[in-house]
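These notes are about the structure you will find just below.
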Amino acid sequence: VETGISFVTDLTTLAASSQLAPARSQMAFTLGFHIILASLGVAFPAIMLIANYLGLRRNDADALELAQRWSKVTAVTFAVGAVTGTVLSFEFGLLWPEFTGRFGNVFGILFAIEGIFFFLEAIFIAIYIFGWKRLSGWPHFWTGVPVVIAGLGGAFSVVAVNAWMNQPQGFTLADGRVTDVEPLKVIFNPAVPYEVPHMILAAYLVTGFLVASVYAVGMLRGRRDRHHRLGLLIPFTVAAIATPIQFIVGDTATRAIAEDQPVKFAAMGCVQTTHRDVTEYLGGRCTSDGVKGGIGIPGLNSFLVGFSTDTEVTGLDSVAPSDRPPANTLLHLAFDAMVGICVLLIGLGAWLGLAWWRRRDIPRSRWFLRATAASGVAAIVALECGWIVTEVGRQPWVVYEIMRTEDAVTGASGVWVTFSAVLVLYTALAIATVLILRTMAHRWRAEEVGDPEVPYGPSEAAPPPPAAPTSGGPG
Amino acid sequence: MSTADAVAGVLWVCATLYAVFGGADFGAGFWTLFAGTGERAERARALVDWAIGPVWEANHVWLIFVLVVLWTAFSIAFSSIMSTLFIPLSLAAFGIVLRGSGFAFHKMARRLRNRQLAERAFGLSSVVTPFFMGTVVGAIASGRVPVGNAAGDAVTSWLNAPSLLTGALFVGTGAYLSAVFLVSDARRAGDLDLERYFSARALGAGLAAGAIALAGILVYRADARFIYDGLTSEGLPLVIVSAVCGLGVLALLWRGAHRGTRPLAVGAVAAMIWGWGVAQYPYLLPQTLTLEDGAAAGETLTAVLIVFAIAVVVVLPALGFLYTLAQRSVLEGDAKAARPPPPAAGS
């Protein structure tokens with residue numbers, strides 16, 4: 001009944017602006033889609049370069065082959081990420097014109113900076129892929145380094161915008177118009193120190209486990225050659241290093257949020273009233289009486305905030321119901337899932353670490369491979385959960401405590417139509433991307449003559465022979 | 001010149017680069033769509049793949065810059081444009097998704113049917129996307145975008161004679177630019193037959209684009225007198241430059257000349273875009289919002305100029321390196337330069 005009532009309340013709020021629900025759905029869906037590709041774009045080039053480095057350093061043909069194949073996979077995911085990213089920049093205006101109309105001149109500069117990084121990334125990915133055939137070993141390796149740096153810079157710029165939406169500063173509002181913008185204060189807003197590293201680590205963690213999971217599946221199917229072992233070990237190691245650091249950064253971020261956005265923090269733990277010695281619940285449903293059906297650990301919530309069970313935690317009742325985030329159960333469970341998966345992935349990393357320390361080999365148990373095979377999807381689930389926590393947790397604000405999401409939405413009608421179209425289009429895009437990647441893998445396995453051609457790469461053959469009436473065509 | 005004018009200049013530079021590089025890319029898609037079937041068509045498509053393969057992504061980043069500079073420096077104009085022109089801009093965004101993924105996938109699809117599907121998605125969206133972008137520009141230029149959240153008419157703002165003609169002009173210009181570029185690419189690849197093939201198409205597209213441009217000027221005269229007056233007064237030198245460059249390209253192509261076509265074609269397109277800019281100056285949204293009134297606070301504008309300066313210093317050399325590599329490959333031929341993958345370590 002509780003959920004029913006809150007659902008009806010939600011609907012009433014939504015009815016105020018008929019475009020709000022589809023606009024939020026479309027934004028959430030396209031961002032949730034793009035965040036996976038963006039993570040790959042940030043971290044995959046680094047993992048690819050590690051393989052490239054090892055290959056050159058140790059004269060290792062297997063590692064070089066992995067680097068080359070990964071660069072081609074990067075090309076595909078980067079191409080898809082580029083279009084889904086372009087769609088997002090359209091959506092800033094198409095869906096949220098009041099937001100960009102008022103605050104575009106505040107946060108926009110970060111996207112201009114991101115534009116430079118994205119440009120460099122696009123250019124150097126093309127050069128790197130091109131370079132496999134045209135540049136020699138080390139110079140070629142170095143053309144990949146700007147891709148990694150640009151990925152980090154791009155991630156900083158974009159996440160800094162989100163951080164600014166959570167901790168807006170660096171401007172003055174006079175009669176609804178922005179004056180006195182201080183770009184440096186905007187760029188280095190208080191949420192940047194925890195949001196940016198958290199997202200960058202997430203990108204490395206997701207990519208590492210995702211790539212490792214592909215090779216784990218291969219090994220489970222009996223392909224236990226050196227190629228597969230390296231393909232598992234390189235990305236897995238990166239992810240296994242990132243995961244415990246992520247746990248610490250995430251913990252710091254949670255405490256910062258308890259300070260900066262107490263309502264978001266209260267919603268994460270479903271803390272209804274402000275009090276001390278707050279119980280932390282794992283799982284369960286969030287109701288107006290607190291969590292029902294979860295496992296409670298007395299005092300832990302307070303302890304997490306202030307290292308003492310005596311710490312007072314601000315409750316949801318500190319603000320009016322209209323200023324609290326919607327979908328509280330979702331928020332609470334998303335937070336728990338994110339933390340839970342992170343803990344499991346730390347365990348998985350430790351498992352490999354232990355086996356490596358004792359025998360210089362990956363664990364013999366098939367369960368290790370099975371767990372690794374599942375780790376990629378698990379990491380993506382954690383990524384999406386984290387995104388839900390930060391985004392849904394900020395609601396009902398688009399700019400925290402300054403502009404409500406419902407006041408930012410477009411006055412244009414027809415967002416339900418574009419949202420439906422986006423659902424169809426992106427589903428097709430996802431299927432096509434997976435199929436293409438599988439096709440590439442099949443070709444590599446079958447060692448077909450001629451590698452699959454990638455979106456930026458040089459053709460395998462020269463352009464069509466001059467006016468030769470052969471059945472021709474490249475490949 | 002005020003800071004707002006300088007930032008508007010930056011916006012126009014980005015728009016020009018997008019029109020030239022992005023436009024030529026769209027045009028390349030146009031030619032693959034209308035190449036038909038047969039051995040020659042396949043060769044033409046292969047040449048297009050080969051020519052735009054390494055640069056197609058970078059060519060479209062200029063659009064991001066246009067959007068970002070607009071929403072940062074002229075936020076009110078951005079939100080007014082995006083909300084009133086929700087329909088054509090949504091369609092353009094879908095076109096971008098289909099186009100990018102179509103191009104990325106078509107080379108890799110194993111089955112012929114899937115490859116053709118991807119190719120068709122790429123070709124079709126290469127026509128649809130610039131068309132809708134053109135209608136957006138037409139709607140802005142003809143003064144149909146008022147200030148405010150979806151304040152203009154959702155349909156008639158872009159479904160009208162000047163907007164549709166501007167859409168057609170965008171498609172035609174891209175096809176024309178692309179064909180001119182492909183003539184040179186075909187020559188470098190040593191394919192005389194394709195050189196003639198694209199020469200003929202460049203001539204045809206050039207005439208078509210010129211005709212649409214002329215018709216457009218007449219339609220603007222009847223419909224949006226403000227722009228027409230601008231084009232025939234302050235903008236007139238640029239209109240003339242555009243026309244002279246365009247005619248020059250036609251003459252060179254006719255004579256089969258090997259040099260000068262590309263810079264002249266780029267000049268024709270660039271002069272047209274700057275002519276439009278000069279014609280609607282000092283308005284951002286003609287006759288409702290001036291650059292000064294629509295501009296962001298001074299600190300933001302300065303920051304945009306700084307970021308642009310950094311972009312010029314950082315991006316241009318990298319872009320030059322990429323284009324050089326891409327062009328060199330056309331010169332040398334991949335087969336000769338190819339090394340067995342993976343390359344010998346430490347070489």
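Not measured: the values here are computed from a predicted model.
In this structure, the side chains of A:Thr86 and B:His60 stay at 4.5 Å or more apart for every pair of heavy atoms. Under the 4.5 Å side-chain criterion, counting only non-hydrogen atoms from C-beta, A:Phe111 is not in contact with B:Leu67. Contact annotation: the side chain of A:Val76 approaches that of B:Phe105 to within less than 4.5 Å [non-hydrogen atoms, C-beta and beyond]. Looking at heavy atoms from C-beta onward, B:Val97 lies out of side-chain contact with A:Thr84 at the 4.5 angstrom threshold. In this structure, B:Ile96 and A:Phe90 have side chains that are in contact, with non-hydrogen atoms separated by less than 4.5 Å. Residues A:Val106 and B:Thr300 form no side-chain contact, since every pair of their non-hydrogen atoms from C-beta on lies 4.5 Å or further apart.
For chain B, the option among A:Thr433, A:Thr143, A:Ile109 with the highest count of heavy-atom pairs below 4.5 Å is A:Ile109. Counting heavy-atom pairs under 4.5 Å between each of A:Val87, A:Leu435, A:Leu429 and chain B puts A:Leu429 at the top. Annotation: maximal heavy-atom pairing with chain B below 4.5 Å, among A:Ile127, A:Asn105, A:Val83, occurs at A:Asn105.
Using a 4.5 Å cut-off between heavy atoms, A:Phe124 touches chain B through its side chain atoms alone. Looking at B:Ala154, neither its backbone nor its side chain comes within 4.5 Å of chain A, counting heavy atoms on both sides. Heavy-atom distances place the side chain of B:Ile64, and not its backbone, under 4.5 Å from chain A. Only the side chain of B:Leu98 comes within contact range of chain A, with at least one heavy atom under 4.5 Å from a heavy atom of that chain. For B:Ala73, no part sits under 4.5 Å from any heavy atom of chain A, backbone or side chain. The parts of B:Val304 that come within reach of chain A are both its backbone and its side chain, each placing non-hydrogen atoms under 4.5 angstrom from that chain. Residue contact with chain A, scored on non-hydrogen atoms closer than 4.5 Å, involves the side chain of B:Phe65 exclusively. Contacts of B:Ala295 with chain A are made by backbone atoms alone, with heavy-atom separations under 4.5 Å and no side-chain atom involved. Neither the backbone nor the side chain of A:Arg57 comes within less than 4.5 Å of any heavy atom of chain B. If you measure heavy-atom distances from B:Ile76 to chain A, the contacts under 4.5 Å come from both the backbone and the side chain. In this structure, chain A has a heavy atom under 4.5 Å from the side chain of B:Leu63, while its backbone stays farther away. Contacts between B:Phe78 and chain A at a heavy-atom distance below 4.5 Å involve the side chain alone, from C-beta outward.
Taking OG from B:Ser83 and CD from A:Glu98, the interatomic distance works out to 7.5 Å, rounded to the nearest 0.5 Å. Atom CD1 of residue B:Ile306 and atom CD1 of residue A:Ile113 lie 10.0 Å apart, to the nearest 0.5 angstrom.
By the 30° and 60° cut-offs, the orientation of the rings of A:Phe107 relative to B:Trp71 is tilted.
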